[in-house]
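Please read the structure below before turning to the comments.
Indexing begins at 1, ligand by ligand and atom by atom, following the structure's order. Treat the numbers as computed from the prediction; the structure is a model and nothing was measured. The basis for the numbers below is simple: all heavy atoms, side chains too, and nothing from hydrogens, waters or symmetry mates.
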Amino acid sequence: MGTTCLKIFFLFALFISIIFSRSPSVSAALITDIRFWSAPDHTRVVLDLTDQVQYEGSSLEKPPQYHLELKGVNLFTKKREMQVNDPYLSKIILSNIEKDKVKLIFHQKKPLNINVFLLNPYLDKPPRLVIDLVDLAQEKKEEEERQRQKEVRPKGTKTVALDPGHGGEDPGAMGPRKTMEKDIVLTIGEKLIRQFNQNKEIQAFLTRKGDYFIPLEQRIKIAREYGADIFISLHTDGSFNPQARGSSIYCISLSGATDEAARVLADKENMSNILGGASLRPASITKDPNLNQILLDLMQNNSMKESFRFAETFLKVIKTVNHLKFPSYRQANFIVLRAPDIPSTLVEIAYITNNGDERLLNQNDFQEKMAKAIFTSIKKYFQ
Ligand SMILES: [Zn+2]
């Protein structure tokens, strides 16, 4: 058989198989994966899809359940039941109730507020359907607890908000040995908290306490509720160039980046909202919408000056622990650094994409040293 005959034969075979196939129709999307992330006040469930789908949900009171029907889609994942067992969900049951129709039943442990939204494909992420099951009472409690921490702090005590970047759906940069930025920055953040707990004059809090996603604006809101005097966002850098290595520090710029590298980095870090799946309720960044603009500018000015002062202190300390990428701090428009009332900086601890740096980032000894260096910089800044 010649190649043309062969092609015709295969096309014919494909046509026949489509016509007589009892398997899912060609046009329907597929659910290729399902996963969940447990946050202190909600559970986020994410479905990976091959295409957009239509959905309709309804809540049941007794027993508390959420039923979600998806149209134009079939199950590709082998999972038919997923055990969750966090404070909010016991399990999720998946079934192909009929051709091109899938039903998900969320077995809740208590009544929850449900928020469902689709995320468009982005970079290596396929279309995703996000189901947030939120405990509104717990959300309020968390907020009140942060405000209580602010009110009970002894006079003269300073407060630091440490912000481990990324989390949940957004892993951040990834190392050659698959080390994820979100895990490393959380570990170093936890080590920092332990250092601060031994110190009476400075209180420290984490914006993120586990593997879940927090939108960038929400991180500022949390820091403000704690009454933070300084905000430090913790990250590890990533590059296509495996030779790139070292630590660097960034402050906000209100008028364009200091250099191209800083601009590219800010764009990458700002992508977190899209990768992690920010929901439709973004928190407001400014403290009070009625606040006088002149006052706001003054606050921003002062916060920026203070963030430069911290960055300079940090650079002097950090160079004793790791190679510096730049001898000075850089500036760009990072969303997470936009609080006008809190001096804010973003630290790239090392390059997770560099073999040597990745190895260091995984070492307990290096993590401790880094935490100690950041702790020392903060202490010096407040002196
Ligand atoms: Zn990052």
With the Zn ion (ligand 1) as the reference point, give the N/O/S atom of H166 that is nearest. NE2
R245 side chain to N322 side chain, donor-acceptor N/O pair below 3.5 angstrom: no
Nearest N/O/S atom of H235 with respect to the Zn ion (ligand 1), by atom name, please. ND1
Is E181 close enough to the Zn ion (ligand 1) that one of its N, O or S atoms comes in under 2.8 Å? yes
Whether F375 and F196 hold their rings parallel, tilted or perpendicular, with breakpoints at 30° and 60°: perpendicular
Surrounding CZ of F76 (heavy atoms of other residues, nucleotides or ligands, distance under 6.0 Å), is the total greater than 12? no
Side chain to side chain donor-acceptor pair (under 3.5 Å) partner of E145, the single match among K141, R148, Q147: R148
Metal proximity, E269 vs the Zn ion (ligand 1), N/O/S cut-off 2.8 Å: yes
